[in-house]
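Notes follow once the structure below has been shown.
We use all heavy atoms of the structure for the numbers below, so side chains are in, but hydrogens, waters and symmetry mates are not.
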Amino acid sequence: MKIVFATSNPHKLKELKEIASSFGVTDIEFVLPGEGFDPVEDGKTFEENSLIKAREAAKLTGLMALADDSGLCVEALNGEPGIYSARYASTPQERIDKLLDAVKPFDNRKAKFVCAMTLVDKDGKILFADRGECFGSIAFSQAGTHGFGYDPIFLVDGEDGLTMAELDDEKKNEISHRGRALRKVLSYLLKK
């Protein structure tokens, strides 16, 4: 079975394939949508943006499509950057710096990564949708070289003060928001 993963981010595709492999799924080939994939993410929630991306990828390729929309929600910032996590600043480092500055005045540094996943058929009809969350807090400084995005400043609950970027790929994929959401999608696909 071939499923287009609605992203132009090769890091996300690599992570998705690793998670699927660790789940024992070998008969699904995940591919990128290719040229022309540029959906307008104007939804108000992770779920709405995930559906927009999935439908765009299905329309572009004629394949079943899986999309995720994910981001970091910081409690003291009323859930920001949230759906704007990737657009919070121009570069990954600028996003991290801006977030660290924004949480400076707060004692409450609780945060969570959220991932909403949507699976649609080739016509854009929703087959399955769910979300995964990973809880933690914002560190005072960056640590670790694994992962991408906000991983170097996200201290994962229950991981002895380690950031997401300090965990190896196997551990990260086991506990991450994307891993949790994808395992729900894979369970659905395996039951079909």
Side-chain angles (χ1 to χ4, degrees), residues 3-26 28 30-32 41 45-47 49-51 53-54 57 65-75 77 79-88 92-93 95-96 99-100 103 109-119 128-139 141-190:
I3 298 176
V4 62
F5 186 47
T7 186
S8 49
N9 184 335
H11 291 292
K12 280 189 179 183
L13 181 65
K14 177 180 180 284
E15 195 174 73
L16 181 98
K17 287 179 175 181
E18 288 170 356
I19 295 166
S21 175
S22 71
F23 197 70
V25 174
T26 56
I28 298 174
F30 291 102
V31 297
L32 291 172
E41 296 178 49
T45 65
F46 292 114
E47 286 78 8
N49 283 333
S50 176
L51 179 57
K53 290 189 268 192
L66 176 65
D68 87 319
D69 195 56
S70 53
L72 179 65
C73 301
V74 180
E75 209 171 89
L77 303 179
E80 289 184 8
I83 62 170
Y84 304 105
S85 292
R87 301 179 292 259
Y88 196 54
Q93 188 59 54
R95 288 190 280 277
I96 286 172
L99 187 70
L100 288 175
V103 297
R109 298 177 78 87
K110 288 182 186 176
K112 66 180 177 179
F113 273 124
V114 174
C115 175
M117 280 202 172
T118 308
L119 180 70
F128 184 81
D130 211 326
R131 73 163 35 195
E133 296 180 342
C134 180
F135 296 90
S137 59
I138 303 302
S141 60
Q142 292 179 236
T145 57
H146 297 283
F148 57 96
Y150 298 96
D151 290 355
I153 59 167
F154 185 79
L155 295 166
V156 184
D157 282 357
E159 292 301 321
D160 299 323
L162 296 177
T163 67
M164 189 70 87
E166 291 177 294
L167 303 176
D168 63 34
D169 288 345
E170 187 178 330
K171 183 65 176 176
K172 179 184 173 186
N173 292 339
E174 177 190 324
I175 64 165
S176 76
H177 52 309
R178 190 166 293 111
R180 289 175 175 167
L182 180 60
R183 282 190 288 281
K184 293 175 186 180
V185 173
L186 294 173
S187 293
Y188 164 80
L189 285 167
L190 294 174

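For the atom pair NZ of K112 and CZ of F154, the computed distance is 10.5 Å after rounding to the nearest 0.5 Å. Put simply, CZ on R180 and CD1 on I175 are 6.5 Å apart, with the number rounded to the nearest 0.5 Å. For the atom pair NZ of K172 and CG of L162, the computed distance is 13.5 Å after rounding to the nearest 0.5 Å. Taken to the nearest 0.5 Å, the OH atom of Y88 stands 11.5 Å off from the CZ atom of R95. Atom CG of L119 sits about 11.0 Å away from atom CG of L51, to the nearest 0.5 Å. Rounded to the nearest 0.5 Å, atoms CD1 (I3) and CD1 (I28) are 4.5 Å apart.
Within the 4.5 Å cutoff, the side chain of M117 has heavy atoms near those of the L66 side chain. K110 places none of its side-chain heavy atoms less than 4.5 Å from the side chain of V74. A 4.5 Å side-chain heavy-atom check between N9 and L32 finds every atom pair outside the cut-off. Using a 4.5 Å heavy-atom threshold, the side chains of D130 and V185 count as separate. Using a 4.5 Å heavy-atom threshold, the side chains of I83 and N49 count as touching. Side-chain atoms of T26 and S21, non-hydrogen and from C-beta on, never get closer than 4.5 Å to each other. With contacts defined as side-chain heavy-atom distances shorter than 4.5 Å, the pair E159/M164 does not qualify. Within the 4.5 Å cutoff, the side chain of K53 has no heavy atoms near those of the T7 side chain.
F113 and H177 have parallel rings, their planes meeting at less than 30° on a 0 to 90° scale where 60° marks the start of perpendicular.
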(request) Would you please test I153 and T163 for side chain to side chain contact (heavy atoms under 4.5 Å, CB included) and show each step? (result) CA-CA 6 Å; I153 59 167; T163 67; over 6 Å; no
(request) List the steps and the verdict of side chain to side chain contact (heavy atoms under 4.5 Å, CB included) for D68 and F46. (result) CA-CA 8 Å; D68 87 319; F46 292 114; over 6 Å; no
(request) Could you walk me through whether I138 and L100 pass the side chain to side chain contact (heavy atoms under 4.5 Å, CB included) test, one step at a time? (result) CA-CA 8 Å; I138 303 302; L100 288 175; 3.9 Å; yes
(message) Could you walk me through whether F23 and S187 satisfy the side chain to side chain contact (heavy atoms under 4.5 Å, CB included) test, starting with their C-alpha distance in whole Å, then the side-chain angles of each, then the deciding distance to 0.1 Å, before giving a yes or no?
(response) CA-CA 9 Å; F23 197 70; S187 293; 3.5 Å; yes
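Other residues, nucleotides and ligands contribute at most 12 non-hydrogen atoms within 6.0 Å of the OH atom of Y84. For D160, the CG atom sits in a loose shell: 12 or fewer heavy atoms of surrounding residues, nucleotides or ligands are nearer than 6.0 Å.
Nearest heavy atoms, C115 versus A181: O-CB, 3.7 Å. Of all heavy-atom pairs between L155 and G161, the closest is CD2-O, 3.3 Å. I19 approaches G179 most closely through the heavy-atom pair CD1-CA, 3.5 Å. Closest approach of K184 and R131 over heavy atoms only: NZ-O, 2.7 Å. Residues C134 and S176 approach most closely at CB-C, 4.2 Å, considering heavy atoms. Residues S50 and A67 approach most closely at OG-O, 3.0 Å, considering heavy atoms.
At least one donor-acceptor pair closer than 3.5 Å links the side chain of R183 to the backbone N or O of E174. Side chain of Y150 to backbone of S85: a donor-acceptor contact under 3.5 angstrom is found.
Side-chain contact of R178 with S70: a donor-acceptor pair under 3.5 Å is present, judged by distance alone.
Every residue meeting the side-chain contact (heavy atoms from CB on, under 4.5 Å) condition with H146, not counting sequence neighbours, appears here in chain and number order: D169.
Under 4.0 Å is where a charged nitrogen must lie from a carboxylate oxygen, and between K17 and E15 no such pair does.
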